[in-house]
Amino acid sequence: MRRMLSRTDLDALVRDLLGAGTRVIAPVRRKVQGREFVEYAPVQNPEEIALDGSQPVRPLKQVVFPPTETLFNYKQDKGLVQIQEAPTTFSDTLVIGARPCDAAALEIVDRVMDWDYHDEFWFGHRQATTVVAVACTDSDESCFCTAVGLSPESTRGADWLLIPAGSSFEVRVVTPKGEALLESNKSRCPESDVPEAGKASSAVEEKVRANLAMNPAKLQEWLGAHFEHPLWQKIALRCHGCGACAFVCPTCHCFDIVDELEGVGRGARRRNWDACQPALFTLHGSGHNPRKDQSARFRQRVMHKFSIYPSRFGEILCTGCGRCIRVCAAGMDLIAILAEIGQNAEEAGSTL
Amino acid sequence: MNLYQPNLVRIDEIIEETADTRTLKLSFQDPEIAEGFDFKAGQFGEYSVFGAGECTFCIASSPTRKGYIEASFKSVGKVTQAMRRLNVGDTMGFRGPYGNHFPIDEMKGKNVVFIAGGIGLAPVRCVIWNTLDLRDQFKDLTIIYGARSVSDLVYKRELQEWGNRSDVKLYQCVDPGGETPDWTGDVCFVPALVEKAAPAPQDSYAVVCGPPIVISLTLPLLEKMGFAPERIYTTLENRMKCGLGKCGRCNVGPVYVCKDGPVFTSAQLKTLPPEY
Ligand SMILES: Cc1cc2nc3c(=O)[nH]c(=O)nc-3n(C[C@H](O)[C@H](O)[C@H](O)COP(=O)(O)OP(=O)(O)OC[C@H]3O[C@@H](n4cnc5c(N)ncnc54)[C@H](O)[C@@H]3O)c2cc1C
Ligand code: SF4
Ligand code: SF4
Ligand code: FES
């Protein structure tokens, strides 16, 4: 038996939650200077939700990892300082229409936020957020989720997955949080004995598979053995180190910690998104820089995602969302780069 | 109180080491935290000036000296310059201790050779006092220290004290051109002084800290002299922000310097890519 939810009932569900004071975040259409795009944003009204649009330009990570987060406030009078704690519990948020690649990223980044030290801010937001993902009904030439073990119908990181079926959705409940959401909306999600009409998104999956095929284990092995390789110099030549790729990446989680004054004798310490591609990231006070040139910095980006994170946390730090490819002004193409590394790994195969 | 919130510390004393380096003696404002605070030689902390930000220093005092911590810092940027403008009685923030530590217990009953260049003496000084405060538990202790010039030597009063003690050998040098007319130490670079001091490798541990050039020349030299790579210890100082293995800034290959380090052996460094 499958549970179905009509778009009308989905809208009613959203209205209920908005009425109860829950923040609802969903893909909405935007038009800026004639350019149309979709982005995740808070909605006031279910009609704003665009579940059939293109992939939101920025990832969902901003919901659990805001671009700037206050760690605490302080007041200072002469030499004396008073600290005002910042909350690490947050008000309820429901995300409707997360892309599976964005939902999966949350679960992947959980690992680094919870080894030894537990990041209260990250998990505070995670705790407060319920994620309803929607299976993808379209993709473009930059998508490659299938190459990193995900799919347009992946449930990772989601509490519910909605699978479009005509004017309704099939509801797949994934987690206890999802169970709770179903419990309060059971009458809206009647059981139906309509047999599964095959994989709704299999055509999309097919299309994504054609973009990149890769063997992550082999790639990881090759990367582990080839910190030095002429390839690094070659592929990084056109990168200008702006870091845009990291800011649009759902799995990039580097941050800076800074103090910001907010008046005489008071201010806040915040953490802000940072990126490993600009040279300043690792520059020492002495002028020494362990990552001397852009090839070293781009190598770090690839290594971190496909070698370091897998070896430390057992996960690939990439969901194949393709945003870094779409955003790059220099035309750096991670699909082409992975294909080239993959080919090297293939050729090295027996000699490793 | 969340992970990123520091404890408040008071500056009890400021010692001018050189024209650009100072040592701050700090104590926790909250008596309960002061009472419960403990750390191991080699660990570091995130020190902050409210309104300027945070930066990373080792704890330069010894864990055997309770009730305070010391940090020695060189003014190189935003926070360290703000730290220079502080006075005795002012408040700073401290998060820590973080990271791993030197294997003091394993070194007991053995010889220990300390080698440092410039401000690299700060983390080494912590281990020196740690071993001196437990002097009868170690065999020979040798300190080899060099700086660019006489005025760049840090902890001058302590160098004098160590020089006067009979239970520790002290060798000092300054770079050619850095000497003064009354300088009685050697005039050479640190690796040359190590060769001159020729510490015996048998039953010995080495602790080496300093600028990258001192590390890269001294570690192979010690191995050539017969020190086991597993017994040559140093620290890495990759730039850090969180100190907690989260912010992604400090890694050398698969290693997070803030959590897996900052203390590494020469043997471990050989398995890492040269990104430090
Ligand atoms: C484990 C560990 C232990 C350490 N122990 C010690 C110690 O005991 N003593 C010690 O003195 N140091 C120590 N350090 C080094 C110390 O952390 C740094 O010197 C300190 O963080 C510098 O902070 P800052 O804010 O003053 O410098 P920053 O302001 O961060 O600047 C550092 C340098 O970065 C460059 N820079 C930064 N921002 C910009 C910008 N916007 N534009 C252009 N250039 C820029 C500049 O070249 C500047 O000189 C240690 C480091 C580590 C990792
Ligand atoms: S890959 Fe592109 S987006 Fe990323 S830092 Fe280089 S130029 Fe910027
Ligand atoms: S590395 Fe690129 S494709 Fe992979 S998750 Fe990040 S932005 Fe998406
Ligand atoms: S300093 Fe943030 S991860 Fe090491």
Side-chain angles (χ1 to χ4, degrees), chain A residues 69 71-72 74-76 78-83 85-88 112-113 115-122 124 224 227-228 252-261 265-267 269 271 274 276 280-292 296 299-300 303-304 307-309 311-312, chain B residues 1-8 10-11 29 46 48-55 73-80 82 86-93 98 118-119 211-213 236-239 241-256 259-260 272-276:
Chain A
E69 177 120 63
L71 303 172
F72 60 86
Y74 67 87
K75 270 198 224 139
Q76 192 158 25
K78 301 209 176 71
L80 295 180
V81 173
Q82 245 187 327
I83 289 184
E85 293 193 19
T88 52
V112 66
M113 292 297 173
W115 69 307
D116 208 353
Y117 297 102
H118 182 81
D119 193 290
E120 296 111 323
F121 290 96
W122 172 271
F227 187 82
E228 306 288 353
C252 277
H253 54 270
C254 288
F255 59 84
D256 195 3
I257 298 177
V258 296
D259 280 20
E260 287 172 12
L261 293 170
R266 62 193 173 81
R269 183 158 302 157
R271 72 166 170 203
D274 206 345
C276 61
L280 279 179
F281 192 69
T282 49
L283 183 67
H284 287 202
S286 63
H288 170 70
N289 196 338
R291 296 199 192 115
K292 288 182 280 300
R299 172 176 58 198
Q300 161 68 15
M303 287 285 186
H304 189 199
S307 167
I308 296 169
Y309 206 82
S311 76
R312 292 304 298 247
Chain B
M1 186 165 143
N2 70 67
L3 270 185
Y4 299 92
Q5 190 178 312
N7 288 308
L8 297 179
R10 179 187 183 275
I11 302 178
Q29 279 184 3
E46 293 295 332
S48 52
V49 179
F50 296 93
E54 278 188 325
C55 57
F73 69 97
K74 198 170 175 148
S75 298
V76 295
K78 188 168 178 223
V79 182
T80 46
L86 298 180
N87 298 308
V88 168
D90 283 349
T91 306
M92 284 181 61
Y98 298 138
I119 180 130
I213 180 79
L236 294 186
E237 298 205 336
N238 283 56
R239 204 154 167 188
K241 283 289 170 177
C242 68
L244 303 161
K246 309 280 181 247
C247 76
R249 192 169 302 252
C250 66
N251 74 293
V252 177
V255 157
Y256 282 76
K259 278 205 26 42
D260 306 318
L272 296 182
E275 266 195 353
Y276 44 84

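Lettering of chains follows the sequences in order, A, B, ..., and the numbering in each one begins at 1.
A cation-pi arrangement is present between Arg249(B) and Phe281(A), with the terminal nitrogen or guanidinium carbon under 6.0 Å from the aromatic centre and inside a 45° cone about the axis.
Atoms CH2 and NZ, on Trp122(A) and Lys246(B) in that order, are 11.5 Å from each other to the nearest 0.5 Å.
No side-chain donor-acceptor contact under 3.5 Å links Tyr4(B) to the backbone of Asp119(A). Using modelled atom types, no side-chain atom of Asn2(B) and backbone atom of Phe121(A) make a donor-acceptor pair closer than 3.5 Å. Without hydrogens or angle criteria, Glu275(B) side chain to Arg291(A) main chain gives no donor-acceptor distance under 3.5 Å.
Using a 4.5 Å cut-off between heavy atoms, Leu8(B) touches chain A through its side chain atoms alone. Only the side chain of Lys259(B) has a heavy atom closer than 4.5 Å to any heavy atom of chain A. Of the two parts of Asn7(B), neither the backbone nor the side chain holds a non-hydrogen atom closer than 4.5 Å to a non-hydrogen atom of chain A. Contacts between Val49(B) and chain A at a heavy-atom distance below 4.5 Å involve the backbone alone (N, CA, C, O). Both the backbone and the side chain of Thr282(A) come within contact range of chain B, judged by heavy atoms closer than 4.5 Å.
The aromatic rings of Phe50(B) and Tyr74(A) lie tilted to each other, with the angle between the two planes from 30° to 60°.
A heavy-atom distance below 4.5 Å is not found between the side chains of Ile257(A) and Cys247(B). Side-chain contact between Asn251(B) and Arg312(A): absent, with no pair of heavy atoms (C-beta onward) separated by less than 4.5 Å.
The residue among Pro6(B), Cys250(B), Cys55(B) with the most heavy atom pairs within less than 4.5 Å of chain A is Pro6(B). For chain A, the option among Gly77(B), Pro274(B), Pro273(B), Pro212(B) with the highest count of heavy-atom pairs below 4.5 Å is Pro273(B). For chain B, the option among Val81(A), Leu283(A), Asn289(A), Asp274(A) with the highest count of heavy-atom pairs below 4.5 Å is Val81(A). Contact count against chain B (heavy-atom pairs under 4.5 Å) is highest for Arg269(A) among Glu260(A), Glu228(A), His118(A), Arg269(A). Counting heavy-atom pairs under 4.5 Å between each of Leu261(A), Asp256(A), Thr88(A), Asp116(A) and chain B puts Asp256(A) at the top.
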Practice problem: Take Tyr256(B) and Val112(A), measure what side-chain contact (heavy atoms from CB on, under 4.5 Å) needs, and give me the verdict at the end. | Solution: CA-CA 11 Å; Tyr256(B) 282 76; Val112(A) 66; 4.0 Å; yes

